[in-house]
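Report on the following structure.
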Amino acid sequence: MWARISAATVRRRRLERCRTDLARPELAGRPVHDIAGRWGFANAPAFSRAFRAAYAISPTEFRRAAAGAAVLRTA
């Protein structure tokens, strides 16, 4: 029997995947809207609002913070 998955669950999972990709150093050159589009967010402003609502930080700010943390880990 198939489990019912809500739209909110799907959206949360897509946001998690975006967050993971935004933190990946090898994707640092890829625009935020490309990463959002890869996970099904066709509208960049709507993605930014959803990301900020979920994580209390913009996608760009998150990427910058994740890059800074990666630098500290390698130092």
Side-chain angles (χ1 to χ4, degrees):
M1 180 173 200
W2 291 94
R4 295 188 74 155
I5 299 175
S6 72
T9 299
V10 171
R11 183 183 184 105
R12 180 181 50 79
R13 289 180 182 171
R14 289 171 38 220
L15 284 167
E16 288 170 357
R17 285 166 176 80
C18 289
R19 184 178 66 171
T20 298
D21 281 359
L22 289 169
R24 291 175 56 192
E26 66 271 21
L27 297 179
R30 183 171 287 182
V32 170
H33 69 270
D34 281 357
I35 290 173
R38 177 179 181 210
W39 294 109
F41 292 95
N43 182 291
F47 165 70
S48 290
R49 285 190 300 273
F51 192 95
R52 185 181 292 274
Y55 302 113
I57 189 171
S58 77
T60 302
E61 291 167 339
F62 175 81
R63 175 180 258 180
R64 199 172 300 128
V71 168
L72 290 176
R73 284 193 300 267
T74 60

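In what follows, residues are counted from 1 in the order of the sequence shown. Since we're looking at a predicted model, the values are computed, not measured.
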Please find the pair of heavy atoms, one from A44 and one from H33, that lie closest to each other, and give the distance. CB-CB, 4.0 Å
Do Y55 and F62 touch side chain to side chain, with heavy atoms closer than 4.5 Å? no
Nearest heavy-atom approach of P59 to F51 is N-CD2, 3.6 Å
Considering non-hydrogen atoms only, spot the tightest contact between L27 and R38 and give its length. CD1-NH1, 4.3 Å
Do you know the tightest heavy-atom contact between A50 and L15? O-CD1, 4.0 Å
For residues 23-36, pull every pair meeting salt bridge (charged side-chain N to carboxylate O under 4.0 Å, His left out), keeping only residues two or more places apart or in separate chains. D21-R24, R24-E26
Set of residues satisfying side-chain contact (heavy atoms from CB on, under 4.5 Å) with respect to E61, sequence neighbours excluded: R52, I57, S58, R64
Can you name the side chain to side chain donor-acceptor pair (under 3.5 Å) partners of T9, sequence neighbours left out? S6
Could you tell me whether the side chain of I5 reaches within less than 4.5 Å of the side chain of R13, counting heavy atoms only? yes
In short, I35 meets L22 closest at the heavy-atom pair CD1-CD2, 3.8 Å
Ring of F41, cation from R14 - is the NZ or CZ under 6.0 Å from the centre and inside 45° of the axis? yes
Closest non-hydrogen atoms of A46 and R11, given as atom of the first, atom of the second and distance, are O-NH2, 4.4 Å
